[in-house]
Amino acid sequence: MKAAFNFAIKKGWTNENLASRVDFGETRREEVEVLSNVEVAALLTVCRERDAALLPYHLLGLFAGIRPQELLRMKWENVQLDEDHILLPSDVTKTGTRRVIEVEPLLAGWLRRFMAVHGPQSGLVTPPTNLRKRLRAIRTAAGINRWIQDVMRHTYASNWLATHESVDRLRANLGHRSNDVLWRHYHKAVLRKEAEGYWSIEPASTPVNVVPMTVAGS
């Protein structure tokens with residue numbers, strides 16, 4: 001409401017923001033929702049077996065915290081494994097500010113395996129053709145019936161903070177301007193033991209009733 005009235009003032013349609021007269025109550029922010037380690041393993045297994053082209057989309061969302069819309073814009077040249085970082089230019093990020101993300105060893109290993117099997121990659125990281133339909137099919141096959149917006153990013157942030165305990169580094173990786181929101185959302189959202197399991201999800205680490213992954217050279 002406030003935004004709408006501010007727009008009307010800017011256009012000269014009114015002289016007052018009437019929404020400022022309304023008393024707004026405080027809304028309690030619920031705890032952030034994350035994917036369990038079993039769900040992550042199932043998601044990656046199904047993706048690799050049924051639609052491998054979308055494996056990097058999930059890997060970069062789960063293990064680098066990159067937003068879905070940023071994943072649609074980023075290119076393989078942004079992934080610089082030799083430098084152990086991902087460089088997102090301003091035209092890719094949501095905030096319009098360049099962001100450098102630390103590459104975790106687990107993510108580097110997954111991406112190197114992917115390129116060993118599918119060859120050197122170039123162009124867009126995420127294939128846009130029938131994307132929504134393909135994503136729904138992967139999630140359904142993995143047994144994930146409820147999908148929260150930015151759940152991969154939340155899962156990454158919660159597990160990263162539980163392991164590294166550095167809100168400053170997490171803020172840089174996520175591209176946030178403030179530490180307060182990060183600490184309030186992600187501190188204790190995941191236990192350290194759960195985070196240890198998260199950062200150990202290798203291709204062979206699969207839950208029961210999911211076809212095991214096979215990796216070339218393993």
Side-chain angles (χ1 to χ4, degrees), residues 1-35 54 56-80 85-103 123-136 138-139 144-161 164 166-190:
M1 290 174 61
K2 290 180 178 178
F5 276 109
N6 284 334
F7 178 77
I9 292 173
K10 182 179 179 180
K11 292 294 185 179
W13 299 334
T14 184
N15 296 320
E16 181 186 3
N17 190 326
L18 297 178
S20 62
R21 300 184 183 183
V22 179
D23 294 327
F24 291 91
E26 292 186 3
T27 301
R28 182 182 178 185
R29 192 178 292 272
E30 298 180 357
E31 292 184 0
V32 66
E33 294 190 40
V34 301
L35 295 171
L54 286 176
Y57 172 92
H58 290 90
L59 293 174
L60 292 165
L62 289 165
F63 299 136
I66 301 174
R67 298 179 178 92
Q69 291 303 314
E70 294 173 339
L71 289 169
L72 298 183
R73 293 189 290 266
M74 72 176 292
K75 299 179 180 179
W76 278 102
E77 64 189 51
N78 303 138
V79 181
Q80 302 176 2
H85 69 233
I86 296 168
L87 176 58
L88 297 184
S90 59
D91 59 346
V92 169
T93 64
K94 176 183 176 180
T95 60
T97 303
R98 191 178 76 156
R99 184 162 91 248
V100 179
I101 305 169
E102 301 175 49
V103 173
L124 292 173
V125 167
T126 304
T129 306
N130 297 323
L131 181 59
R132 290 186 180 181
K133 180 179 179 180
R134 293 162 68 183
L135 289 175
R136 283 197 298 268
I138 291 170
R139 295 163 189 169
I144 302 175
N145 299 317
R146 176 178 168 79
W147 188 266
I148 306 300
Q149 183 178 2
D150 283 335
V151 70
M152 293 195 298
R153 181 174 169 87
H154 296 328
T155 302
Y156 159 81
S158 300
N159 283 281
W160 195 98
L161 189 58
H164 298 286
S166 173
V167 72
D168 290 318
R169 287 170 58 195
L170 179 60
R171 177 176 57 81
N173 287 338
L174 292 179
H176 279 240
R177 294 187 174 90
S178 168
N179 288 357
D180 294 340
V181 173
L182 292 180
W183 189 258
R184 187 166 61 250
H185 276 67
Y186 303 119
H187 179 55
K188 301 301 183 182
V190 169

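None of the values given here were measured: they were computed from a predicted structure. Scope of the values below: all heavy atoms of this structure, side chains included, with no hydrogens, waters or symmetry mates.
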Provide the closest heavy-atom pair for [X] versus [Y] in the form atom of the first, atom of the second, distance.
{"X": "Leu54", "Y": "Arg134", "answer": "CD1-CB, 3.7 Å"}
{"X": "Gly96", "Y": "Ser90", "answer": "O-CB, 3.2 Å"}
{"X": "Thr95", "Y": "Gly175", "answer": "CG2-O, 4.2 Å"}
{"X": "Ala157", "Y": "Leu170", "answer": "O-CD2, 3.9 Å"}
{"X": "Ser166", "Y": "Leu161", "answer": "N-CD1, 3.9 Å"}
{"X": "Glu16", "Y": "Phe5", "answer": "O-CD2, 4.0 Å"}

Phe7 meets the ring pair (Phe, Tyr, Trp, His ring centres under 6.0 Å) criterion, sequence neighbours left out, with Trp13
State, with a plain yes or no, whether a side-chain heavy atom of [X] is found less than 4.5 Å away from one of [Y].
{"X": "Trp147", "Y": "Leu135", "value": "no"}
{"X": "His85", "Y": "Glu102", "value": "no"}
{"X": "Arg171", "Y": "Asp168", "value": "yes"}
{"X": "Val125", "Y": "Tyr57", "value": "no"}

Quick check: does any side chain N or O of [X] sit under 3.5 Å from a backbone N or O of [Y], one acting as donor and the other as acceptor?
{"X": "Asn159", "Y": "Tyr156", "answer": "no"}
{"X": "Arg153", "Y": "Leu174", "answer": "yes"}
{"X": "Thr155", "Y": "Leu35", "answer": "yes"}

Using 0.5 Å steps for rounding, measure from the [atom1] atom of [X] to the [atom2] atom of [Y].
{"X": "His164", "Y": "Asn173", "atom1": "NE2", "atom2": "CG", "value": "8.5 Å"}
{"X": "Asn130", "Y": "Arg136", "atom1": "CG", "atom2": "CZ", "value": "10.0 Å"}
{"X": "Thr126", "Y": "Leu131", "atom1": "OG1", "atom2": "CG", "value": "7.0 Å"}
{"X": "Glu33", "Y": "Ile148", "atom1": "CD", "atom2": "CD1", "value": "4.5 Å"}

Between Arg169 and Trp160, is a side-chain contact (heavy atoms from CB on, under 4.5 Å) present by the stated rule, with each step listed?
-> CA-CA 10 Å; Arg169 287 170 58 195; Trp160 195 98; 3.4 Å; yes
Pairs of donor and acceptor atoms involving the side chains of residues 64-74, under 3.5 Å and at least two apart or interchain, shall be tabulated with distances.
unit_1: Arg67; atom_1: NH1; unit_2: Glu70; atom_2: OE2; d: 2.8
unit_1: Glu70; atom_1: OE1; unit_2: Arg67; atom_2: N; d: 3.1
unit_1: Glu70; atom_1: OE1; unit_2: Arg99; atom_2: NH2; d: 2.8
unit_1: Glu70; atom_1: OE2; unit_2: Lys94; atom_2: N; d: 2.9
unit_1: Glu70; atom_1: OE2; unit_2: Arg99; atom_2: NH1; d: 3.2
unit_1: Arg73; atom_1: NE; unit_2: Val92; atom_2: O; d: 3.0
unit_1: Arg73; atom_1: NH2; unit_2: Val92; atom_2: O; d: 2.8

Evaluation steps, side-chain contact (heavy atoms from CB on, under 4.5 Å), between Val100 and Ile86 = CA-CA 6 Å; Val100 179; Ile86 296 168; over 6 Å; no
With side-chain contact (heavy atoms from CB on, under 4.5 Å) as the test, would you mind laying out the steps for Val34 and Ser158 before giving the verdict?
-> CA-CA 8 Å; Val34 301; Ser158 300; 3.5 Å; yes
CG/Asp91: more than 12 non-hydrogen atoms of other groups inside 6.0 Å = yes
